[in-house]
Amino acid sequence: AKPYLHLERYLRCWLDPDKIFRGKLVLDVGAGELTYTRLIADLFEPKKIVACELFRERMRPAFLENRNSRLKAVTGSCFQFPFRSGLFDVVFASGVLSQLPDLKDALREIGRVLKPGGVFVSWDPNPFNPVILYRYLATPRSPNQFIFWPHKVLPLFRSSGLSASTKFFYARMPW
């Protein structure tokens, strides 16, 4: 079973996944249960995609049922990747950056493992979505959950040597 295939439309809302991933060496940061990792491996034919997750137990069930030879799983931290500098064409993170208290340190490390001219692709909850903002302000949350305000985050990208742009989207009505 491939329960992640419905997520393809989300990726297509804000990027051209065929252009970004096909034939590339990709790192998926904070890969969790390998949801996007397997989607990218199965549909967009990267040269290889490496799932990096802090907790091996989160990756294990999905990795054991995975049959895609392009996918590899590695336990590691986004603050100190177990990879050499300039290795990856693409670094991908889904819903990870808004969970990091030391974002600048993680961005520096992402920049370190990217090849010159490489691409970092990330998505995090839209702070301008009233539902996201309400949940953040009015409901219990992890102390490691942060609102991803562009005016606060974009300077961190620049100071880490990464150029950045933002795009706000909703899968049914991207804007």
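Between the side chain of Glu109 and the backbone N or O of Phe81 there is at least one donor-acceptor pair closer than 3.5 Å. Looking at Glu53, its side chain does come within 3.5 Å of a backbone N or O of Gly32 through a donor-acceptor pair.
The aromatic ring centres of Phe92 and Tyr36 sit less than 6.0 Å apart.
From Leu156, atom CG reaches atom CZ of Arg108 across 9.5 Å, with rounding to the nearest 0.5 Å. For the atom pair Leu11 CG and Ile40 CD1, the distance stands at 6.0 Å (nearest 0.5 Å). Interatomic distance, Ile110 CD1 to Asp105 CG, rounded to the nearest 0.5 Å: 11.0 Å. Taking NZ of Lys19 as the reference point, atom NZ of Lys24 lies at 8.5 Å (rounded to 0.5 Å). A distance of 9.5 Å separates OG1 in Thr35 from OH in Tyr4, rounded to the nearest 0.5 Å. Interatomic distance, Phe21 CZ to Asp16 CG, rounded to the nearest 0.5 Å: 10.0 Å.
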Hey, mind stepping through Leu27 and Cys52 against side-chain contact (heavy atoms from CB on, under 4.5 Å) and telling me if it holds? CA-CA 7 Å; Leu27 172 62; Cys52 186; 3.7 Å; yes

Start with the C-alpha distance between Asp28 and Val50, add both sets of side-chain angles, then the distance that settles side-chain contact (heavy atoms from CB on, under 4.5 Å), and finish with yes or no. CA-CA 6 Å; Asp28 184 359; Val50 178; over 6 Å; no

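Ring-plane geometry between His6 and Tyr10 is classed as perpendicular, the angle between the planes exceeding 60 degrees on a 0 to 90 degree scale with a lower cut at 30.
Across all their heavy atoms, Arg70 and Asn68 have their closest contact at N-OD1, 2.8 Å. In plain terms, the two heavy atoms of Glu8 and Phe44 that are nearest each other are CG-CZ, 4.0 Å. Across every non-hydrogen atom of Ala51 and Ala31, the tightest pair is CB-CB, 3.6 Å. The two residues Lys47 and Leu25 make their nearest non-hydrogen contact at CB-N, 4.3 Å. Closest approach of Gly76 to Pro82, counting heavy atoms only: CA-CD, 4.3 Å. When every heavy atom of Leu107 is checked against every heavy atom of Leu162, the shortest pair comes out as O-CD1, 3.7 Å.
Taking the charged nitrogens against the carboxylate oxygens, Arg38 and Asp42 have no contact shorter than 4.0 Å, which rules out a salt bridge. For the pair Lys48 and Asp89, the salt-bridge criterion is not met [side-chain N within less than 4.0 Å of a carboxylate O].
Residues Phe120 and Leu154 do not share a hydrophobic cluster, defined by chaining ILVMFWY side chains whose heavy atoms lie under 4.5 Å apart. In the hydrophobic clustering of this structure, Leu54 does not group with Leu100; members are Ile, Leu, Val, Met, Phe, Trp, Tyr whose side-chain heavy atoms approach within less than 4.5 Å, directly or through other members. Both Leu87 and Val74 belong to a common hydrophobic cluster when Ile, Leu, Val, Met, Phe, Trp and Tyr are linked at side-chain heavy-atom distances under 4.5 angstrom.
In this structure, Lys115 places its NZ atom where more than 12 heavy-atom neighbours from other residues, nucleotides or ligands lie under 6.0 Å away.
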